[in-house]
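The structure appears right after this line, and notes come after that.
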Amino acid sequence: MNIPIITIDGPSASGKGTIAEKVAARLGFHVLDSGALYRLTALHALRQGVDLSDEAALAALAAELPAEFRAGEVWLGGEQVTQAIRAEAVGEGASRVAALPAVREALLARQRAYAQAPGLVADGRDMGTVVFPAAQTKVFLTASPEARAARRHKQLIEKGNPANLADLVRDMRARDARDAQRAVAPLKPAPDALVLDSTAMNIDQVVEAVLEGHRASRG
Ligand code: CDP
């Protein structure tokens, strides 16, 4: 069976999650937030006292992750962790565990199982390059570090958190470099990806561009 898959990869704060949700809603497709699986693995390890450099133990945790996504909520072993996985420390842990090949391997089958009729929108770093290399439509969503930092700044301020724009731009550049330079599944566009720079685009314009790319790929 040929399930239509749209992959949306890109750097931190490029808007992948928002775009993936909206595109999926328009098409009635399922959604895979692959970053959440890395965040859940990190959170589970922190809770279980597993060292974030113990690759074998982390891979075992990832393979058996008692996680569930229900109606916009994320659950881990009977606990609602929707907010907890968004914490800065968990994001930092996620980027560390995501650099370990055995952890990525352990999460592969779970990610591929999301490819169900009528279709899937998958967001992450390596959806089009590693997890779904045969996806019908591949998008690489980017924006300047300044634009991404400004978006994150706005989100943080709205939630009442203190934030410094210059620090965010610096962190964004550092994280981009780490994601692009890691040995396993580095952040890079698939050769056949539609590259969208959303620096000067609003959300609706990006959604339309992805849907247009999907229509074009169906021929
Ligand atoms: O929201 P943000 O883009 O900062 O992070 P995320 O998409 O929730 O992903 C959390 C971490 O998991 C990132 O730092 C990535 O390095 C890693 N990740 C990955 O390696 N591969 C994926 N397919 C998705 C996320």
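On a predicted model such as this, the values are computed, not experimentally measured, just so you know. Remember, it's 1-based here, ligands and their atoms both numbered in the order they're listed.
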Review point. Passes side chain to side chain donor-acceptor pair (under 3.5 Å), Ser34 versus Arg110? Steps please.
Key: CA-CA 10 Å; Ser34 62; Arg110 186 180 201 119; over 6 Å; no

Exercise for review: List, ordered by chain and residue number, the protein residues whose closest non-hydrogen atom lies under 4.0 Å from any atom of ligand 1.
Suggested key: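 Those residues closer than 4.0 Å to ligand 1 by some heavy atom are Ser12, Ala13, Lys16, Ser34, Gly35, Tyr38, Arg39, Arg86, Ala94, Ser95, Ala98, Arg104, Gly124, Arg125, Asp126, Met127, Arg152, Arg175, Asp179, Arg182.
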
Review point. With respect to Glu92, which candidate in Arg86, Arg178, Arg175 satisfies the salt bridge (charged side-chain N to carboxylate O under 4.0 Å, His left out) definition?
Key: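 It is Arg178; the other options fail the test.
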
[X]: partners by side chain to side chain donor-acceptor pair (under 3.5 Å), with sequence neighbours left out:
X      : value
Arg182 : none
Ser12  : none
Glu68  : Arg70

Review point. Where do Ala209 and Met201 come nearest, in terms of heavy atoms and distance?
Key: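 Distance-wise, the nearest heavy atoms are CB-CE, 4.1 Å.
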
